[in-house]
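Worth saying up front: this structure is predicted, and the values here are computed from it rather than measured.
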Amino acid sequence: MNAVDSNKTWSDLMLGRWLGSDAPAIVSASGIVKGDQLLRQAAGASALVDELGLLPGTPLPALMDETPTSIAMAVGGAMSRRPLAPLGTKFSVADLAEIVRHLDTRHLFASPERAELGEAVAASAGVALHVIDDSLPMLDPLEIRCQAADTAVIVHTSGTTGRAKPVHLRHEPLVARVDVYQEVMGIGPGDRYCSASAFYHTAGSAMIFTVLPMGVAIIPMDWFSVEGWRLSGRLGVTCSLLVPTMIDILLTEGALADANPKVLQYGASPIHPDTLRAAMETLPNTRFLQIFGQTELSPISYLDHADHLRAVAGRPDLLTSAGRPIRGTSMRIEQPDDEGIGEIAVNAAHAFVVDDDGWRRTGDLGLIDAEGYLHLHGRINDRIIRGGENIYPSEIEAALSSHPSVREAVVVGVPDRRWGETVRAVVVPNDPAAPPDLVQLRQHVARLVAGFKVPSEFVLIDELPRNPSGKILRRALRDRGG
C-alpha cells in the first residue's frame, strides 16, 4: 500500500480528483453529472444548510435513497463539516425518531419521495422537516473547512443486538480506507461502480465515499432489483457490490450476464460453491472478490480472485472462510479456547472505532488456520455455553443446512436450569408443505457434530425474522417459545 498522509482529508482527495473535471462522477438514467458539477452541487447543498444556521459538527439526518441529489448532499455535508446521516427508509417511525433524537439535532431532511415518512418521523422526534428536491443550486466549489478528525458521514449499524448505533466516519481513517480499497479492488478513473445495498447501509454510502476519491463514477441504485442490475449494465458498470442471495436471484432470472463488471465484490455471507461456479461461468472475464468487514472497520480480510479459482478447482472449503487479512492490517485472536477460537481483534489505520490501546475488538469469534485464512464462528453473544462447554452456532447451522429439506437454519442458546444453556435449532423448510422429519434431522446433525452440540429443541418456522438490512434477529428466536 502507498503511504497515507495523515494530514490529508477526504475533502482534499475529492478536490484533487474532481475540481474542474469533465469526467463522469455520477451516471444514472437521468443523465451524467460531471466531477466539477458534483462539487458545485455539493456547494449548493451546503448553502441550503447554511441558511438554516446549522453550525459545523451538526449532523444532518436524512431520509433519502441513493440518487444524484442525495450523493451531492452527502459530499456537501462532508466538505462543510455537517455530516449527512442517511437513515433506513424502511425502518419504523418509532425507530427512526429514536435515532434522530439520539443524533441531538433539531432538523430532519428528506427527499420528496420520502416526505410523508419524514413528516411522521419529524413529528415524533420533535424536529423540523426540510424536503430537498432535485434542483440544488450550482455554486463555486467549497473551500476546505474540515480537519482530519472531523466526521465526513455518519453510518448506523444494523441494530441486530439493539438500537442502531451511529458510527462516525472521520476524514483521517477514511483517507486510509480509500487507499486500502483501491489496492484490493484495483479500480480507478474511468471505472463505474454500483452497489446494490441501500444508501443508509455501510455498503451503500460508505462505499460511495470510498470510490469517489479514486475517480470512479457512481451508478446509483436505490434498492436492488433485477431491472436495476440490467440498467447498471446498460450504463456501463465495471465494478459492482452484491450479496450472494442477489447473485443467486440474478442467476435464477437469467439476468447476471446483463451486466459485465470487471470486478464483482460480494460480502455479508458465504457464497455456495454451486452459485460461485455458475456465476464464474456466466461472467468469465470478471474478477470475484469477497470482503469481510464491519461498519466500524472495513475491509478486515478478503478472498481474492485467485482464491475463488482455487475454490472451484477443488477447494470449496475456502468459501467458508472470510479470507486472509488485508495487507497493512494486524489481526490476532484474543483469549482463544482449546479449539483456537476467540475474539477477532484488528489494528488498522482505516478503523473508525477502536479501544484505548488502538485495537478494534470486533465482537466476532474466529480462528486463523495454518494457511492464514480467517474462519468466523459467530458473534461473542451468540456463543452457547452448555454445562461449561463452548458451542458455536455456525458449525451446527452448517450441519443443519446440509440436509436437503432445509432452506435456512439458525441456532441459538436458550436458558436452562441444569445446563445453563441448551441448543435450539430454528429451521426454515425448503417446502413448508413437506417439512423435514425432526427425528431424521436430529440424526443427520448427530452424524456431523459432537453429541453435546446436537440441538435439544427443534422449531420449524416459515420465515426468519430480519431487520431492514436483512440481518437475522437472533434475539427474537431466543425469546420465542418452542
Side-chain angles (χ1 to χ4, degrees), residues 58-67 69-71 73-74 77 82-132 151 153-169 195-209 220-225 228 241 243 245-246 267-269 294-296 298 352-353 379 381 463-480:
T58 303
L60 308 179
L63 288 163
M64 295 177 168
D65 294 319
E66 188 176 305
T67 66
T69 298
S70 65
I71 294 172
M73 280 286 295
R82 278 83 57 98
L84 199 73
L87 306 181
T89 54
K90 293 187 177 180
F91 284 29
S92 71
V93 171
D95 286 343
L96 288 167
E98 182 181 8
I99 292 171
V100 171
R101 285 191 292 267
H102 190 255
L103 287 172
D104 193 24
T105 179
R106 305 296 302 169
H107 301 269
L108 173 66
F109 297 82
S111 63
E113 296 78 13
R114 301 297 179 181
E116 183 176 352
L117 175 61
E119 289 172 359
V121 174
S124 180
V127 300
L129 176 67
H130 310 280
V131 178
I132 306 296
T151 299
V153 64
I154 300 172
V155 181
H156 284 79
T157 62
S158 297
T160 52
T161 58
R163 185 182 65 191
K165 295 182 286 293
V167 177
H168 290 249
L169 274 58
S195 171
S197 293
F199 185 52
Y200 73 90
H201 195 273
T202 185
S205 56
M207 286 307 299
I208 289 172
F209 272 71
M221 183 185 293
D222 48 6
W223 294 94
F224 169 75
S225 67
L241 188 156
V243 301
T245 300
M246 296 172 183
S269 64
Q294 301 180 318
T295 305
E296 298 89 347
S298 183
F352 297 108
V353 179
R379 301 284 292 171
N381 292 337
E463 187 176 6
L464 295 173
R466 299 177 187 272
N467 68 9
S469 296
K471 292 189 176 181
I472 296 168
L473 296 173
R474 290 177 180 266
R475 66 180 183 273
L477 299 176
R478 294 187 188 98
D479 295 341
R480 65 173 286 138

S.K.: Start with the C-alpha gap between I132 and M64, add the side-chain angles, then the distance that decides, and say whether side chain to side chain contact (heavy atoms under 4.5 Å, CB included) holds.
M.R.: CA-CA 9 Å; I132 306 296; M64 295 177 168; 3.8 Å; yes
S.K.: Please round to the nearest 0.5 Å and tell me the distance separating atom CD of E66 and atom CD1 of I208.
M.R.: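 Here the interatomic distance stands at 3.5 Å.
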S.K.: To the nearest 0.5 Å, how far apart are CG in L108 and OG in S124?
M.R.: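 Spacing of CG (L108) from OG (S124) equals 11.0 Å.
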S.K.: Using every non-hydrogen atom in the two residues, find where I71 and P220 come nearest and quote the distance to one decimal.
M.R.: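 Here I71 and P220 meet closest at CD1-CG, 4.3 Å.
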S.K.: Parallel, tilted or perpendicular, judged at 30° and 60°: which one describes the rings of W223 and Y200?
M.R.: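 Correct class here is tilted.
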S.K.: Show your reasoning for whether side chain to side chain contact (heavy atoms under 4.5 Å, CB included) applies to F91 and I99.
M.R.: CA-CA 10 Å; F91 284 29; I99 292 171; 4.2 Å; yes
S.K.: Does S195 reach the main-chain N or O of A203 with its side chain, forming a donor-acceptor pair under 3.5 Å?
M.R.: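 At least one qualifying donor-acceptor pair exists.
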S.K.: Got a sec, which residues hit side chain to side chain contact (heavy atoms under 4.5 Å, CB included) with V353, two or more places apart in sequence or on another chain?
M.R.: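 Expected list: V167, E296, R360.
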S.K.: Does F209 form a side chain to side chain contact (heavy atoms under 4.5 Å, CB included) with V155? I'd like the steps, not just the answer.
M.R.: CA-CA 11 Å; F209 272 71; V155 181; over 6 Å; no
S.K.: From T295 OG1 over to F352 CZ, what is the distance, rounded to the nearest 0.5 angstrom?
M.R.: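 One gets 10.0 Å once the value is rounded to the nearest 0.5 Å.
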S.K.: Does V100 form a side chain to side chain contact (heavy atoms under 4.5 Å, CB included) with L87? I'd like the steps, not just the answer.
M.R.: CA-CA 9 Å; V100 171; L87 306 181; 3.8 Å; yes
S.K.: Side-chain donor-acceptor pair under 3.5 Å between S111 and D65, yes or no?
M.R.: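 No, no side-chain donor-acceptor pair sits under 3.5 Å.
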S.K.: Would you give the length of the straight line joining atom NE2 of H201 to atom OG1 of T157, rounded to the nearest 0.5 angstrom?
M.R.: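 Between atom NE2 of H201 and atom OG1 of T157 there are 9.5 Å.
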S.K.: Under 3.5 Å, is there a donor-acceptor pair between the side chain of T89 and the main chain of L63?
M.R.: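 Not confirmed, T89 side chain does not pair with L63 backbone.
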S.K.: Taking the side chain as every heavy atom from C-beta outward, state whether L96 and L117 have any pair of such atoms under 4.5 Å apart.
M.R.: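 Yes, at least one pair of side-chain atoms sits under 4.5 Å.
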S.K.: Please report the interatomic distance CD(E98) to CG(L103), rounded to the nearest 0.5 Å.
M.R.: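 The distance works out to 11.0 Å.
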S.K.: When rounded to the nearest 0.5 angstrom, what distance separates OG1 in T105 from CZ in R82?
M.R.: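 Result: 11.5 Å between the selected atoms.
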S.K.: Side chains of H168 and P83: does their closest heavy-atom pair fall under 4.5 Å?
M.R.: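 A side-chain contact is absent here, since even the closest heavy-atom pair is not under 4.5 Å.
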S.K.: Between R114 (side chain only) and V131 (backbone N and O only), is there a donor and an acceptor less than 3.5 Å apart?
M.R.: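 Pair absent, no side-chain N/O of R114 close to backbone of V131.
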